[in-house]
Amino acid sequence: MDATVILRKHKLSKTTGRIEVLKLFIESDQALSEREIHSRIEYSFDRASIYRTLKTFSENGILHPVYGKNEMTKYILQQTPEEHLHFKCSECEKVMCLPEIKFNDIHLPEGFIKKEANYLVIGICDNCNL
Ligand SMILES: [Zn+2]
Ligand SMILES: [Zn+2]
């Protein structure tokens with residue numbers, strides 16, 4: 001996957017900042033927070049700009065938020081639009097998607113309306129469990 005191809009597909013302008021942020025997500029197999037991006041990115045990009053970029057990317061379905069609130073929110077590349085399980089490793093702190101586990105059949109009781117769902121399992125990942 002190429003950052004410029006993704007931006008073109010979503011009709012977003014190809015700014016250096018957007019490309020660099022997207023590259024980090026493409027290279028990462030885990031969710032990243034705005035703070036983690038700021039510490040990894042080589043391009044000089046202030047935190048407010050990173051935050052805005054993350055917001056644009058999630059509004060466009062390129063990323064989705066996985067875990068945490070406000071500036072601690074971790075984002076990851078959107079692999080599937082379907083609802084799926086997320087996993088957080090309590091050893092290495094890695095947060096990842098498990099897109100093969102789906103939740104299409106969750107029915108709430110009468111009178112309840114779902115606005116969003118976040119299925120998170122906390123445990124030990126396959127890497128830490130060696
Ligand atoms: Zn782990
Ligand atoms: Zn996910």
Side-chain angles (χ1 to χ4, degrees):
M1 245 190 312
D2 185 77
T4 56
V5 172
I6 295 172
L7 290 174
R8 197 182 312 132
K9 203 176 118 194
H10 291 271
K11 298 186 170 59
L12 292 170
S13 59
K14 296 185 274 289
T15 61
T16 310
R18 282 181 179 165
I19 291 169
E20 292 305 311
V21 170
L22 202 45
K23 271 188 189 161
L24 289 179
F25 280 100
I26 294 167
E27 286 158 14
S28 172
D29 61 345
Q30 58 179 292
L32 301 170
S33 67
E34 173 255 295
R35 192 179 300 226
E36 287 166 326
I37 292 161
H38 190 249
S39 70
R40 288 177 197 204
I41 202 161
E42 282 164 31
Y43 177 68
S44 122
F45 213 23
D46 64 64
R47 294 185 58 173
S49 308
I50 294 174
Y51 182 76
R52 271 199 307 276
T53 302
L54 292 175
K55 217 165 164 273
T56 305
F57 285 171
S58 46
E59 283 163 2
N60 281 275
I62 298 173
L63 302 178
H64 66 280
V66 179
Y67 173 77
K69 282 205 163 75
N70 304 327
E71 77 271 20
M72 297 301 287
T73 306
K74 282 178 178 263
Y75 294 84
I76 197 160
L77 278 183
Q78 178 87 276
Q79 302 171 45
T80 165
E82 291 167 66
E83 288 177 352
H84 53 272
L85 188 75
H86 291 116
F87 189 90
K88 179 180 188 284
C89 177
S90 55
E91 301 281 316
C92 66
E93 298 285 308
K94 205 166 143 170
V95 177
M96 62 199 107
C97 294
L98 295 177
E100 59 278 17
I101 303 168
K102 297 188 172 72
F103 296 88
N104 296 327
D105 287 328
I106 286 198
H107 294 292
L108 294 172
E110 180 92 38
F112 287 74
I113 297 168
K114 182 172 77 178
K115 284 197 168 173
E116 57 180 300
N118 196 348
Y119 309 108
L120 181 75
V121 172
I122 297 171
I124 297 168
C125 75
D126 54 353
N127 217 8
C128 295
N129 190 27
L130 289 177

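What you see is a predicted model; the values in this text were computed from it and never measured. Counting starts at 1 for both ligands and their atoms, in listed order.
- Using a cut-off of 4.0 Å between Lys/Arg side-chain N and Asp/Glu carboxylate O, E27 and R40 are scored as not salt-bridged.
- Rounding to 10 degrees gives 110° for the angle at the Zn ion (ligand 1) between SG of C125 and SG of C89.
- In H86, the N, O or S atom that comes nearest to the Zn ion (ligand 2) is NE2.
- Using a 4.5 Å cut-off on side-chain heavy atoms (C-beta onward), L63 and L54 make contact.
- The CG atom of L77 sits 9.5 Å away from the CZ atom of F57 when rounded to the nearest 0.5 Å.
- Vertex the Zn ion (ligand 1); arms to C128 SG and C92 SG; angle rounded to 10 degrees, 110°.
- One distance of note links SG of C89 with CE of M96; it measures 6.0 Å at 0.5 Å rounding.
- The NE2 atom of H64 and the NE2 atom of H84 meet at the Zn ion (ligand 2) at an angle of about 120°, given to 10°.
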